[in-house]
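Here the structure is laid out as structure tokens; the discussion comes afterwards.
Nothing fancy with the numbering, it's 1 onward along the sequence. In each ligand, atom 1 is the first atom listed, and ligand 1 is the first ligand listed.
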Amino acid sequence: MTSLSEKLLQVFEEPACGKNLAKADKERKQGCTKQLSPGAAAGGCAFDGAKIALQPITDVAHLVHGPIACEGHSWDNRHSLSSGATTYRTGFTTDISELDIVYGAEKRLYKAVKEIIEKYDPPAVFVYQTCVTALIGDDIEVVCKAASSKFGKPVIPVNAPGFAGVKNLGNKLGGEALLDYVIGTQTPPFTTPYDINIIGEFNLSGELWQVKPLLDAMGVRVLACISGDARYAEVAYSHHARATMMVCSKAMINVARKMEERYGIPFFEGSFYGIGDMSDSLRQIARLLVERGAPDDILARTERLIASEEARAWARIEPYKQRLRGRKVLLITGGVKSWSVVAALQEAGMEIVGTSVKKSTKEDKDRIKELMGDEAHMIEDMTPREMYKMLKEARADIMLSGGRSQFVALKAKMPWLDINQERHYAYAGYEGMVSLVHEIDKTLSNPVWDHVRARPPWDPPNTAA
Ligand code: SF4
């Protein structure tokens, strides 16, 4: 059994993470957690990150061992959709009390697992450690092992208490739980030379479903998506895939890298956002499958699909050009890679006045430079005050960002569109880019902006000469 501190060291040493490798030994051991400034929002904890990463496995019961507030904090805040089972959307928690803190809550956890299995009979129960239960010394690994052998079902400990670090670290610890207890434990009913895994895609607002029809048209089967719209069995037999695509974020790079090491499944990092990047990802999937022995007619099939899908997407973006030409966009995003959408916005005739590069790698910055010509539009770290000023002075017509910055735009009475993980619309694939342009058009032309900017009737016009 690996202790939490050993697991943390393993994750910090991740050899596939370029950012990590660029650090000195001492720095690497501290992980990526930054010292917070007093008053600044801290973002999610490690438990939150693990829950975000694993909750999209839809037929599993996700049991949070801790105070009810931890579950309340993390429950279903990302619109990760399911095409079938809905067990993942039920909030299960041991809801520990003061007495449990004094006497320990392991028995309570065991009883909760028993009750869930009796009432819901899920294929597995995932048990999440939290700060309080870790601090009182509850050993969830031991309880899960006992429950698993008693009830004959996988009971998976996810040891990522909040104090271990930030959300991104929690994503990786969630992945470690899959590597330790789930992946490699089942066999698929059949395999094909076209089986792939997609890692780090969470089917937010149904984005996986914008990509799956394209893969179907190529003849590619998604053996497992980790973890969007996944079933427990799919994750358990995902080690039989021929190739892996790791989607954008490096949230679960440890899973992709270790699956390559253990099972020889090669992986590449790709993006489903932006027309050009979507095409590149399809090409890379086809190429990797051919390298692993799939018949090479998939290459021509993929090129034909790309040509027709790209032409269709650009034709659908065309009618928006007249309305959007010259409109200025401020792009502040961490979740969706900025360069992925820059090309589509430019093609729709919009001007990007600034794009955040706070979470970007050197390659990301090079891509942005290629698309936008110089570094002038790259924003390292923009304060809300600067965002407000930019919008107020109409140097931008619309802001695309995450929910946390929305009030800055609304205060400046300027249009805003949610483009981060809490978004309600799906923006993946060719279909998603057309939706994005459509949503920007709708937001910009919403009549509400004229109303909020108009002088209220009780406010007399300024007659002073
Ligand atoms: S920081 Fe600890 S107490 Fe707070 S939500 Fe995360 S696990 Fe729960």
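Residue pairs meeting the ring-ring contact (aromatic ring centres under 6.0 Å, His included) criterion with at least one partner in residues 380-411, sequence neighbours excluded, are absent.
A salt bridge between Lys172 and Glu176 is absent, with no side-chain N of the basic residue lying under 4.0 Å from a carboxylate O of the acidic one.
Applying the side-chain hydrogen bond (donor to acceptor under 3.5 Å, both in side chains) test to Lys153 and every residue at least two apart in sequence or in another chain returns Asp121. A search for side-chain hydrogen bond (donor to acceptor under 3.5 Å, both in side chains) contacts involving Asp139 returns nothing, not counting sequence neighbours.
The number of protein N/O/S atoms found under 2.8 Å from atom 2 (Fe) of ligand 1 is 1.
Counting only heavy atoms, the protein never gets under 4.0 Å from atom 4 (Fe) of ligand 1.
Counting only distance, with no hydrogens or angles, the side chain of Arg242 and the backbone of Leu289 share no donor-acceptor pair below 3.5 Å. A donor-acceptor pair is defined here as one N or O able to donate and one able to accept, closer than 3.5 Å; such a pair exists between the side chain of Ser281 and the backbone of Asp277.
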